[in-house]
Amino acid sequence: MSTENKTLMGGWIITEGDTAIEKHPDALAAFEKATAGYVGVKFTPVALLATQIVSGKNYAILCKATPATLDPTTTLKIVIVYEDLNGNATITGVRDVLGTDYPVFAANCTCNANAAPVLGGWNIALEPSIDKHPEACAAIEKATAGMVGAKYEPIALLGTQIVAGKNYCILCRITPVTLDPKPTMKLVYVYEDTQGNAVITDIKEIIGTPVPGGFIANDGATDLDSNPEAKNAFEKATKDLYGVDYEPIAYLGCQIVSGKNYLILCESKIVVPDPIPSLTLVTVYEDLNGNCKIINTEPVVL
């Protein structure tokens with residue numbers, strides 16, 4: 001058993017020495033009790049990060065999380081397990097390792113899954129529709145004012161970050177000012193300072209300029225109701241899906257294969273108590289007979 005003697009405010013004791021879960025049988029036993037019969041996602045414990053003495057004990061355990069889906073994408077999560085004085089154990093929170101609530105051990109951390117994001121962390125927008133965020137629209141308008149060569153069309157606000165000012169991560173359709181322009185889909189990062197000045201600080205590509213056999217960015221309305229083929233394929237592919245809920249945000253584009261692939265940006269929630277939403281690019285494949293399935297999920301890291 002490793003020595004645990006570095007205490008943070010809030011009662012968490014960071015594990016020193018060997019953090020391998022096998023070296024902490026009490027934590028492993030609590031974890032196994034808490035996850036017995038758990039469905040929807042498989043948690044594989046990796047390391048004990050910290051403990052907290054309460055009326056019983058809390059364990060913060062780093063886990064590999066694999067949703068029970070076709071072609072699942074394994075991510076890293078921090079699972080908070082509470083064991084009461086009678087030895088009963090339950091999961092009380094699941095945290096992204098590099099998500100809106102990182103780092104987990106803030107100075108005043110209570111490890112409540114609904115706690116406010118820490119200063120400097122990304123806060124995923126619960127209402128991503130750009131129409132709901134006039135301040136984000138104003139920021140990108142200021143940041144792109146006077147720019148020539150491309151038109152920036154904001155589609156959704158994915159997240160905000162409080163710094164000395166504010167950062168916005170905005171999904172945009174960018175269309176070059178050329179003959180026969182081909183739009184692209186990108187994440188545009190805008191920094192607005194405390195005086196209201198705004199500038200683009202980074203751009204990450206999701207769908208680039210079309211190439212043979214590649215994805216073609218959607219050049220029309222991005223909501224699923226306006227794209228019945230994509231909506232129908234998405235609903236078929238997720239009809240009997242267990243373990244994770246996908247809420248579509250925007251239909252980004254398609255790819256012609258032996259059938260058709262649809263790329264859809266979704267808010268995803270693993271089916272656990274107090275889930276923390278994340279952002280996922282979901283690829284739905286529809287074959288020539290109209291059968292549909294999810295063939296890829298890729299987390300969006302802001």
Any donor-acceptor N/O pair, [X] side chain to [Y] backbone, under 3.5 Å:
| X | Y | value |
| --- | --- | --- |
| Y285 | S258 | yes |
| H133 | A156 | no |
| T184 | I174 | yes |
| N227 | D223 | yes |
| N218 | G220 | yes |
| D84 | N86 | yes |

Following the transitive rule for hydrophobic clusters with a side-chain heavy-atom cut-off under 4.5 Å over Ile, Leu, Val, Met, Phe, Trp and Tyr, establish whether [X] and [Y] coincide in one cluster.
| X | Y | value |
| --- | --- | --- |
| I124 | L281 | yes |
| Y191 | I170 | no |
| Y251 | I130 | no |
| L263 | V188 | no |
| L252 | L158 | yes |

Is any side-chain heavy atom of [Y] closer than 4.5 Å to one of [X]?
| X | Y | value |
| --- | --- | --- |
| V300 | T280 | no |
| R173 | T222 | yes |
| V284 | K293 | no |
| E141 | Y152 | no |
| C169 | L187 | yes |
| I216 | Q255 | no |
| V190 | T201 | no |
| T160 | N167 | no |

Nearest-0.5 Å distance that lies between atom [atom1] in [X] and atom [atom2] in [Y]:
| X | Y | atom1 | atom2 | result |
| --- | --- | --- | --- | --- |
| T283 | F215 | OG1 | CZ | 4.5 Å |
| C63 | F31 | SG | CZ | 4.0 Å |
| I256 | N261 | CD1 | CG | 8.5 Å |
| I206 | E298 | CD1 | CD | 8.5 Å |
| N88 | T90 | CG | OG1 | 9.5 Å |
| K236 | D240 | NZ | CG | 13.0 Å |

Closest heavy-atom contact between [X] and [Y]?
| X | Y | answer |
| --- | --- | --- |
| A89 | V81 | CB-CG1, 4.2 Å |
| C172 | P154 | SG-CA, 3.9 Å |
| L28 | P45 | CD1-CG, 4.0 Å |
| C266 | V282 | SG-CG2, 3.9 Å |
| P181 | P176 | CB-O, 3.1 Å |
| P277 | L126 | CG-CD2, 3.9 Å |

Within a reach of under 6.0 Å around NZ of K64, are more than 12 heavy atoms found that belong to other residues, nucleotides or ligands? no
Residues, nucleotides or ligands: over 12 heavy atoms within 6.0 Å of K151 NZ: no
Sidechain N-carboxylate O distance under 4.0 Å for [X], [Y]:
| X | Y | answer |
| --- | --- | --- |
| D225 | K231 | yes |
| D219 | K182 | no |
| K260 | E229 | yes |
| K142 | E192 | yes |

Donor + acceptor pair across side chains of S278, S268 (<3.5 Å): yes
Show your working on side-chain contact (heavy atoms from CB on, under 4.5 Å) between L48 and I61 and close with a plain yes or no. CA-CA 5 Å; L48 176 65; I61 301 172; 4.1 Å; yes
Go through the steps for L265 and L171 under the test side-chain contact (heavy atoms from CB on, under 4.5 Å), then give the verdict. CA-CA 10 Å; L265 175 66; L171 173 67; 3.8 Å; yes
Carefully, step by step, assess Y246 and E267 under the rule side-chain contact (heavy atoms from CB on, under 4.5 Å). CA-CA 6 Å; Y246 291 117; E267 178 188 87; over 6 Å; no
Please verify the inter-ring angle class for Y189 with W122; under 30° counts as parallel, over 60° as perpendicular, anything in between as tilted. perpendicular
I would like to know whether M147 and I200 meet side-chain contact (heavy atoms from CB on, under 4.5 Å); could you show each step before the answer? CA-CA 11 Å; M147 292 179 63; I200 292 175; 4.2 Å; yes
For salt bridge (charged side-chain N to carboxylate O under 4.0 Å, His left out), just list the numbers for E83 and K33, CA-CA rounded to whole Å, side-chain angles, deciding distance to a tenth of an Å, and then say yes or no. CA-CA 9 Å; E83 186 175 32; K33 285 186 283 187; 3.0 Å; yes
